[in-house]
Every structure is written in C-alpha cells, then in structure tokens.
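First the structure, in the form of structure tokens, and then the observations on it.
Whatever order the structure lists ligands and atoms in, that order sets their numbers, starting from 1.
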Amino acid sequence: MNQPPLRRRASWLALERHYEQIRGTHLRRLFAEDPRRGERMVAEGGGLFLDYSKNRITDETLKLLLALANECDLRGRIEAMFRGDKINRTENRAVLHVALRTPRDATIVVDGVNVVPEVHQVLDRMADFANRVRHGEWKGHTGRRIRNVINVGIGGSDLGPVMAYEALRHYSDRAMVFRFISNVDGTDFVEATRDLDPAETLFIISSKTFTTLETMTNAHSAREWLLKGLGGEEQAIARHFVAVSTNPVEVAKFGIDTANMFGFWDWVGGRYSMDSAIGLSTMIAIGPENFRAMLGGFHAMDEHFRTAPFERNLPVLMGLLALWYNDFFGAQTVAVLPYDQYLKRFPAYLQQLTMESNGKHVTVEGAEVDYATGPIYWGEPGTNGQHSFYQLIHQGTRLIPIDFIAFAHSLNPLGRHQDLLVANVIAQSEALAFGKTPEQVRAEGTPEWLVPHRVCDGNRPSNTLFLERLTPAALGQLVALYEHSVFTQGAIWQIDSFDQWGVELGKMLAQKIIPELENPAEPVLQHDSSTNELIRRYRRMKAALG
Ligand code: F6P
C-alpha cells in the first residue's frame, strides 16, 4: 500500500500540532507537574541506562513519536535489516553489520549463504594472528619481534580503529606502540613513523575497496619506508604488511600475499566495520578475548534493538528524540559529550557514522525530501568542553540537544577525580534544564544592570547515558546504540542510510586536478575562474619554491 509522503502522514501532522502546544513549555514546569519524572523517564537495555527525562517532551510527545515510528514501519525495517534484505537499495546490498557479532550458532542468509560461519572463520584467523603478534611469535623480516603496529586507512577504515584503540587503551598491551595513519597529508605519515624501527613495525593496510587514494598513497609510502629501512629486500613485505579488505585482486596487485589478508564483505558498510577485520589493530592491542567481549556488547544492544518494545528501546528512543529536535524544533546539531577521557575520539567516530549515513537529500525512492534529515553531530570530552563551547549551549540563541555519557567507575581511580568528574556532568544537565531565573539572580544581590547577563533560561534538553565502567563490552553497547539510533532516524526519513554518493564528486574532481598540479607543462584549465586561479596560484608557489 502506498503511504503518503512523510509530512502528510497522520502521526507527523499530529506531532506538528502537538509541537505548537508544547514548544514554550519549560522543563521546570514539566518537572514541577510530575515530580517523579526523573524516575519514570528512564530506560535500561542492552547493558545501558538512559535518563531521558530532561527532554522537552510529555507522555503525549512520546506517544506521538512512537506512532510515527509505527506508521513508518520501523519494526518492519528492523526485521528486514536483521533478515539480510538488500535494504541498501542504491548499492543493492544487504546491511548486516549485526552479523559481525552474532554467536557462532546463528544463521543469517545472504544470497543463499549462511554468513555466520564465514564471520567466525575470519575472527578465528584474526585471533590467531593477533596472538602470534602479541606473543612475539610473528617476527619481522630480520627476526625481531613486532613492537609497532600501524593501521593505514581512512574514514571507516580508520576512525573505528583509532577510536576503539583510544577508548580501550586501558586494556591494551603497553609494551606495544599503536599508530594510525589516515590523512594523505605527508605529515601524518612522517610523524607516525619518525621514531619507529622498520624492523619492528607491522603495517595493517585497511581498505574495504583497496583503491582509496589516501590509503593507497600512504600504503606505497609505507612500502618505500620499510624497504629503505630494511635494505630493499622485497621479501620483507610479507612479514611487515597485512591487508584488511573485500578486494583480494587489488591486495595482490599491491604485493601483499592474500594469505595475509583478512576479509570482510560488501554487506558491511565502512562506517559500520570497526567490529569486522577492520578491527584487527584493536584485537592486537587488547587481545582476542577483550575483542570478543566487545562483540558481546554489540550483540546485547542488537538484541535489545531487535526485540524490546519501542517505548523501552534505547536506540529507538534516542533516534526519535534526535528527530523531534531536528524536525520540529529546527535544531541543527546534536552534541555528544562523553565524560571519560578515553572516549576523546568517540565524537569524531560518531560524525562519520551519523553524518555519512543520514546526510541525504532524497528518499530511497529518489524524491527530494521536504524535511530536515541528519543533524550535525559534534562533541568533546567533558570537562574540557565546559571551559570552551558550553557557554553557547547555556546562553546562546541556538537549541543544542545533548547526549551526556558518564561512568560510575574510573579506570584510573585517583583521589577525588571521579567524584568531581561525575558531579560536573550531573550539574551540567541540571543547569541546562533548569537554568537560573532573574529572581534567583537578583536574590544573590546582583545589580540590576547585570541581571540579564547572568540569567540562564534553561529548558535546554539532554539525555544522560550512565554506565558502570568503560569496558570493551560497554564500548560495543555504546557504538551499537548509536548505529541503531541512526537506523531509526533514517528509517523514518525514508532515506538510504547506507550509501555515500556525496563523497564521490570531490574524489572524482581531485583525480582531474592532480595532473593539473603535477604536469610540468602549463595545463589548459577548464574549471570556473576561482578553481582555475587556485590551481595557477599553487603551481606558481610550487615553482617559486623549486
Ligand atoms: O569517504 C567515503 C568512504 O567510502 C567511506 O565510506 C569509507 O569508510 C572510506 O571512504 C574508506 O574507504 P575504504 O575502506 O574502501 O578505503
């Protein structure tokens, strides 16, 4: 049955009317009218606890948002993903990152093949390799053990590994060095390798396609660096390079023996791949057991997402709340503020996950959308952000919904630090929600002229995710939570959250411009006048420097 366009659906129209009634309602009033709101508007699932009471919603809002999810057949979409249907329509692919963390005895069929045994075969090979490297059994060309592991990749082939390494550094082998090279800017390569001995260095070339300009350029520089350091002996490559890819042909062309390749599948999107073989550096760092614990965390959240009723389903609730602010309040961003130093790269990781997935302007059917899709995700760890951009969140003119992430236990207990850290995250959500009224400011004896400057309006919404401690399983739960929140939003917006055609144009133009920069003869330029001039200027500056 053909559904009307999103904004003409009954539940959307009801939400529009409801928004008009509720938009001015203050969180102070919502809490005053329902003193147990903070105990009621919480949810637990997949190992995580969420307090969503400090959102600008009532029970009616939730009811309507859930009705929207139902009207958009979110349940059917979830089932289609888990079943292995080709829901990535523009690339005609299944979307099965959930298969990467299913138990061995599960069955998920894609194109007539149960993919679960293949997943575990790769995991077992990764575990074997990781153990050999960790135990010094996998030696470099000169017989020295590997002490340095460098992941070379970009986008999903970098952000997941680097985020996971930083997040789980506490569990990592401290005798080893882990580095990540992504940028085609030579500085990234040079700084990552300058103090390392090639004889003790292993490169993991991570690229789903094995054709990405940045990764291939860095991989070739790595090859040269290694050969130069080891006397140019080609046989050294086999001991110092492994590949993670879906493309054995290109891996072999590069000169890496496909016996040293760890595969994954086209049904794993780059930004959904940190728990596939792309996580090889993570596994070497934290060991196979911890890696499997992380997969367990992912799976727990997958099961919660698949089975929990929507009103208690964390990814669904968070997805719907993000959509509520994005499409009805006109909020353009979501800030994710983890109060744990180990999660310092988590917001950067989420940027690709959320924005590459839901930054789309047409529906799956190709129709232009007339509503806002993916918000801008950003963030920094607390408490640093408090002394930087929080001012704008507290008193600026924009509405910025927030996800706070806090942990009860520190992995590095140190005096009062954890109490101070947690006090701050709780205080921020309280201050943002309730603010400070002019009366409160005056009661402090503030001169009248200063009162408006010191007033905080409050009514600034936030979620708080409270976890016990940052374990590998907790990281898996958190990542899967956001993956499925993104899915929820994309399903309602009816977009393809799993393609990324927008990044192609820039890549293609760069290919055209490269020879125009490098050609010794003055090229005939046929771009616009700005682009032509920038190319000419670069050529002049380059020539002037010799
Ligand atoms: O930026 C586009 C993109 O295709 C991402 O989706 C992907 O994660 C990244 O490039 C890297 O791709 P690959 O793993 O194929 O090198």
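Residue pairs meeting the side-chain hydrogen bond (donor to acceptor under 3.5 Å, both in side chains) criterion with at least one partner in residues 503-515, sequence neighbours excluded, are absent.
Closer than 4.0 angstrom to ligand 1 by heavy atom are I154, G155, G156, S157, S207, K208, T209, T212, G270, Q352, E356, Q500, V503, K507, sorted by chain and number.
Annotation: side-chain hydrogen bond (donor to acceptor under 3.5 Å, both in side chains) contacts of T201 (sequence neighbours excluded): N148.
The residues D257 and R239 are annotated as not salt-bridged, no charged nitrogen and carboxylate oxygen being separated by less than 4.0 angstrom. Taking a cutoff of 4.0 Å between a charged side-chain nitrogen and a carboxylate oxygen, D124 and R104 qualify as a salt bridge.
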Using a 3.5 Å cut-off and no angle test, enumerate the donor-acceptor pairs between side-chain atoms of residues 258-269 and protein atoms at least two apart in sequence or in another chain.
from: N260; atom 1: ND2; to: A238; atom 2: O; distance (Å): 3.2
from: W265; atom 1: NE1; to: E118; atom 2: OE1; distance (Å): 2.8

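In this structure, R132 contributes its side chain and W138 its backbone to no donor-acceptor pair below 3.5 Å.
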